[in-house]
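Remarks on the structure that follows.
In this text, all values refer to a predicted model and were calculated from it rather than measured experimentally. Scope of the values below: all heavy atoms of this structure, side chains included, with no hydrogens, waters or symmetry mates.
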Amino acid sequence: MQPSAKIYIHRVGEGFDVVCRIPHEMTPGNYLTQVTFRRNGELYAEALLGRYVATDPVVGTHFDDLDPDDEISIGWQDLSGVADDVTRIFSGDTD
């Protein structure tokens, strides 16, 4: 069974690093091509990936600030068009 994706939030200085381990077995013919980060539904960052990404990659970005009750969503798509996402409501606590 493939593990579930989970969002981790770490305080770094005055901001927050948001990272996600994305369960995906990479093959030469099917690999992640795009990862998006959204805050409250608005696009915050996008990573475009290629064939040399590791299996189950950890992808992240930095937010200068987060407010309690902000909704952080991370979505991804692979070369075959399969997409998935995970969402976390920021409680104010970090991991």
Side-chain angles (χ1 to χ4, degrees):
M1 184 168 127
Q2 189 81 306
S4 299
K6 184 173 179 185
I7 297 172
Y8 297 92
I9 301 173
H10 304 282
R11 180 173 287 284
V12 177
E14 297 294 316
F16 300 90
D17 283 350
V18 175
V19 297
C20 182
R21 180 179 171 273
I22 300 171
H24 192 282
E25 186 170 335
M26 305 302 179
T27 66
N30 193 27
Y31 46 86
L32 291 180
T33 58
Q34 179 184 40
V35 178
T36 57
F37 295 81
R38 295 183 182 279
R39 178 182 183 181
N40 299 323
E42 293 186 29
L43 183 63
Y44 182 83
E46 178 180 44
L48 301 176
L49 308 174
R51 72 177 62 239
Y52 299 108
V53 175
T55 295
D56 301 336
V58 176
V59 183
T61 193
H62 182 81
F63 288 80
D64 290 334
D65 65 347
L66 288 175
D67 297 319
D69 296 325
D70 276 351
E71 180 182 83
I72 305 299
S73 298
I74 301 174
W76 55 93
Q77 182 173 338
D78 67 20
L79 189 61
S80 69
V82 174
D84 204 353
D85 64 8
V86 64
T87 299
R88 174 176 172 179
I89 304 298
F90 181 56
S91 66
D93 296 327
T94 58
D95 301 308

Hey, what do you get for [atom1] ([X]) to [atom2] ([Y]), rounding to the nearest 0.5 Å?
X: Arg21; Y: Lys6; atom1: CZ; atom2: NZ; value: 12.0 Å
X: Cys20; Y: Ile7; atom1: SG; atom2: CD1; value: 5.5 Å
X: Glu42; Y: Glu71; atom1: CD; atom2: CD; value: 12.0 Å
X: Leu48; Y: Gln34; atom1: CG; atom2: CD; value: 6.0 Å
X: Arg11; Y: Phe16; atom1: CZ; atom2: CZ; value: 3.5 Å
X: Ile74; Y: Ile22; atom1: CD1; atom2: CD1; value: 7.0 Å

Minimal non-hydrogen separation, [X] against [Y], with atom names:
X: Thr61; Y: Ala45; value: OG1-CB, 3.9 Å
X: Pro23; Y: Asp56; value: CA-OD1, 3.3 Å
X: Phe90; Y: Ile9; value: CD1-CD1, 3.5 Å
X: Thr87; Y: Ser73; value: OG1-OG, 3.1 Å
X: Leu32; Y: Leu49; value: O-CB, 3.4 Å

Audit row: Trp76, Asp84, side-chain contact (heavy atoms from CB on, under 4.5 Å) steps and yes/no: CA-CA 6 Å; Trp76 55 93; Asp84 204 353; 3.6 Å; yes

Is there a donor-acceptor contact under 3.5 Å from the side chain of Tyr44 to the main chain of His62?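 Pair found, side chain donor or acceptor close to backbone of His62.
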
Donor-acceptor pair, side chain of Thr33 and main chain of Gln77, under 3.5 angstrom: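 Judged by distance alone, yes, a pair lies under 3.5 Å.
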
I'd like to know whether CG of Asp69 has more than 12 heavy-atom contacts from other residues, nucleotides or ligands below 6.0 angstrom.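 Open.
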
Does Tyr31 form a side-chain contact (heavy atoms from CB on, under 4.5 Å) with Val53? I'd like the steps, not just the answer. CA-CA 7 Å; Tyr31 46 86; Val53 175; 5.6 Å; no

Could you tell me whether Arg88 and Asp70 have a side-chain N and a carboxylate O separated by less than 4.0 Å?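 Looking at Arg88 and Asp70, the cut-off is not met.
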
Could you verify whether a donor N or O on one side chain and an acceptor N or O on the other, from Asp78 and His24, lie under 3.5 Å apart?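 Yes, because at least one side-chain N or O of Asp78 sits under 3.5 Å from a partner of the opposite role on His24.
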
Any chance you could lay out the side-chain contact (heavy atoms from CB on, under 4.5 Å) test for Leu79 and Arg51, step after step, and finish with the verdict? CA-CA 9 Å; Leu79 189 61; Arg51 72 177 62 239; over 6 Å; no

